[in-house]
Amino acid sequence: MQQYDQNNIFAKILRGEISCHKVYEDDHTLAFMDVMPQARGHVLVIPKYEAVELSDMNAEYIKAVFSTAQKVIKAQRKVLQREGIVQLQLSGEEAGQSVFHYHIHLIPANVHDMGKHEGKQANQSELSTLAAQLRAELGQ
Ligand code: DGP
């Protein structure tokens, strides 16, 4: 398995070195819009903990990530007006993981209709609008 690299993109987002469209933040987690969404409203939830994937996650942070994911899913359902949200997590390069900081994808889509992973960059103003709507729903 891959070693944790402190220069991965999500570590830089956590340190504020790269911007993101933030949806939710607490002491243990950050949720933000995926810039290459597989569906409109695709959100990523990450822990403020250095883990490549599930097998090296800390139990306290797993709990926190899933708690944040629950909140985000509820907000996505309201804002996007759709029931079905795909929860996806890739462990390892062979599985298709491309950013090596643990994350859960929350994708408002039917799994059978989803586009290719890492398709194309989304429109930044649309991401900004969606993030603001989700933040408002989450009281952030
Ligand atoms: P995975 O392949 O499961 O490791 O997913 C990585 C996701 O991260 C992928 O859907 C695209 C997204 N992504 C890559 N770079 C950035 C970035 O700089 N900002 C944001 N918000 N998302 C990114």
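Because the structure is predicted, anything quoted here is derived from the model rather than measured. Counting starts at 1 for both ligands and their atoms, following the listed order. Counting begins at 1 with the first residue of the sequence.
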> Kindly check if the number of other-residue, nucleotide or ligand heavy atoms within 6.0 Å of CD (Glu17) is above 12?
yes

> Atom CD1 of Ile73 and atom CG of Leu80: how far apart are they, to the nearest 0.5 Å?
12.0 Å

> Suppose I only count heavy atoms of Ile9 and a 4.0 Å limit; which atoms of ligand 1 are within that range?
15 (N), 17 (C), 18 (O)

> If you round to the nearest 0.5 Å, how far is CG of Leu30 from SG of Cys20?
5.0 Å

> Which of the atoms of ligand 1 are close to Leu44, meaning less than 4.0 Å from one of its heavy atoms?
8 (O)

> Please confirm whether Cys20 comes under 4.0 Å of ligand 1, counting heavy atoms of the residue only.
no

> Does His101 have its ring centroid less than 6.0 Å away from the ring centroid of His103?
no

> Nearest 0.5 Å please: distance from the CG atom of Leu127 over to the CZ atom of Phe32.
11.5 Å

> Measuring from non-hydrogen atoms of His103 to any atom of ligand 1, is the shortest distance under 4.0 Å?
yes

> Would you say ligand 1 has an N or O under 3.5 Å from any N or O of Gln97?
no

> Within a reach of under 6.0 Å around CD of Gln89, are more than 12 heavy atoms found that belong to other residues, nucleotides or ligands?
yes

> Which atoms of ligand 1 are found less than 4.0 Å from any heavy atom of Gly96?
2 (O)

> Which ligand 1 atoms are under 4.0 Å away from a heavy-atom of His105?
1 (P), 3 (O), 5 (O), 7 (C), 10 (O)

> With a 4.0 Å cut-off on heavy atoms, is Phe10 touching ligand 1?
yes

> Would one find an N or O of Met33, backbone or side chain, under 3.5 Å from an N or O of ligand 1?
yes

> Could you tell me whether ligand 1 has any atom less than 4.0 Å away from a heavy atom of Ile18?
no

> Give yes or no for whether the N/O distance cutoff of 3.5 Å, strictly under, is met between His42 and ligand 1.
no

> Examine the side chains of Gln140 and Glu25 and answer whether a donor and an acceptor come within less than 3.5 Å of each other.
no

> What do you reckon, does Val99 have a nitrogen or oxygen under 3.5 Å from a nitrogen or oxygen of ligand 1?
yes

> Indicate yes or no: at least one non-hydrogen side-chain atom of His21 is less than 4.5 angstrom from one of Gln124.
yes

> Out of Leu127, Ile104, Val35, who gets a non-hydrogen atom closest to atom 20 (C) of ligand 1?
Val35

